[in-house]
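These notes are about the structure you will find just below.
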Amino acid sequence: MTIKILDPTVSAEASLDTAVAKRVADLDGKVLGLLHNGKVNGDHLLDLVRERLAARYRLRDVIVIRKASASRVAEDTDLERLARECDAVVTAIGD
Amino acid sequence: MRVEHEFPGWAEAVEACFERGWTDGLPVVPATEDAVGRFLAAAGRAPGDVALTESTRRRTITVEKVAINAVMAGCRPEYMPLLLAALEAMADPTFTLHGAITSTGGSATLLVVNGPIRGRLGLNAGGNVFGPGWRANATIGRAIRLITLNCLGAQPGLLDRSTQGHPGKYTYCIAELEEESPWPPLHVDRGLPREASAVTVYAAEGPHNVLSHYGETAEAVVVALADTMAALGSFSPGESFIVLAPEHVQILARDGWTKPRLREALYARARRTRADLKRGGKLAGAVEPGDETVWVHRGLGPEDIHLVVAGGGAGGHSAFIPSWSRDRNSLSVTKEIRIP
């Protein structure tokens, strides 16, 4: 006699909004977003990124946001602001 | 969608669960349709009802998936309402499920059960409370782990990046010994009526033993508890659970101590200087003038210290259980268990 068993696993649901954003050719005249994960040294890492990018491109503006907690996802309002105001965003975990 | 797998026999099904990565490293009970049906009936919920959603990993766990994993863990059908309440608590945003089951910190989800359901399910609150020998404790904690592994993708080395983890990640479920406590139980502290049944979830480190045999006074017990809480290894502004041995709580009550007084005293005494925290690598930077006289407490206040009574009748062994969370990222959550 055979035995049939049920599958205990759950997969991640396909998301409709995970398409990769349109790439930018360069950052001249663009707004750069920097999202700091909240872990120690993430801010230093992003400072270096900012320095390097500013040396290569004429950035129009830089928006820096720090997550309140490294363990939690960024606030919707922060993500919306980055999406609305930035041409490109870099995030760093540090630690 | 329901997926079935067919095997020549029971032993082959057990082996297949290992091969598919569906276990915690120990054998599981193959989840047949009959068994899962009995668990769903005991839950009083439809198979497709949602037990938990986790937005970061984009997972939706149905009651049927909970039942399948509960069968595999070795549970009995009547444990289902407790499991569903535990998952409801873990889904509370203040618990931060994604971080708690991912972090290098290696926490396990401690379940503390209160109320009449303890007796009905045969949960142990007495001797060897964190140890083996009781089906309900062992398999309820294990079911939560299997759900974490199978439904939330927290496979070791993939989404679970624990540096070391701890043995509570196999199973970590206790009941409070309310009958031996002179104080209100945990679920009453959390605002539920005494006659309610409840489960509290806590993203926790392992239990740290607090041995105090010979003082035989409340002061001696408090000194030992506070010293353990102030140890650098787990020192943080996070929550604390103290699981008091019956012997210790009886000494405290005899000497006139109450829960609020004990919380106040432990908060006041469980502290380190900023210089200590820097010397121990708990804070960045060199020790500066003034650091030797700046005191930092464990937790943000007495209300961050949760007191529970459990353990055997003999022995001055209590436990301090630090939070995984180093601050407010993850807080313990209590939910009432509703029996259908």
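Side chains are part of it too, since the values below use all heavy atoms of this structure and drop only hydrogens, waters and symmetry mates. Every chain is numbered from 1 and lettered A, B, ... according to where its sequence line falls, protein lines coming before strand lines.
Contact residues of residues 14-28 of chain B toward chain A are C17(B), W22(B) (heavy-atom distance under 4.5 Å). Contacts with chain A (heavy atom to heavy atom, under 4.5 Å) involve these residues of residues 140-158 of chain B, listed by number: N150(B), C151(B).
No more than 12 heavy atoms of other residues, nucleotides or ligands shown are found within 6.0 angstrom of NZ on K39(A). For Y57(A), the OH atom is densely surrounded, since the number of other residues' heavy atoms within 6.0 Å is greater than 12.
Heavy atoms closer than 4.5 Å to chain A are found in the backbone of R57(B), but not in its side chain. At a 4.5 Å heavy-atom cutoff, the contact between P30(B) and chain A is made by backbone and side-chain atoms alike. Neither the backbone nor the side chain of T62(B) comes within less than 4.5 Å of any heavy atom in chain A.
Side-chain contact between D7(A) and H5(B): present, with at least one pair of heavy atoms (C-beta onward) separated by less than 4.5 Å. Annotation: side chain of T32(B) is not in contact with side chain of L6(A) (no heavy-atom distance under 4.5 Å).
Residues that satisfy the side-chain contact (heavy atoms from CB on, under 4.5 Å) test with A83(A), not counting sequence neighbours, are absent from this structure. With sequence neighbours excluded, the residues that form a side-chain contact (heavy atoms from CB on, under 4.5 Å) with R272(B) are A230(B), L232(B), F235(B), D276(B), L277(B).
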Given side chain to side chain contact (heavy atoms under 4.5 Å, CB included), test E4(B) with I5(A) step by step and report yes or no.
CA-CA 6 Å; E4(B) 287 183 335; I5(A) 64 172; over 6 Å; no
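Looking at K4(A), its side chain never comes within 3.5 Å of a backbone N or O of F7(B) through a donor-acceptor pair. No donor-acceptor pair under 3.5 Å is formed between the side chain of R58(B) and the backbone N or O of A12(A).
T9(A) OG1 to N69(B) CG: the interatomic distance, rounded to the nearest 0.5 Å, is 9.0 Å.
Closest approach of N329(B) to S69(A), counting heavy atoms only: OD1-OG, 2.6 Å.
With chain A as partner, the option from A67(B), G99(B), G9(B) having the largest number of non-hydrogen pairs under 4.5 angstrom is G9(B).
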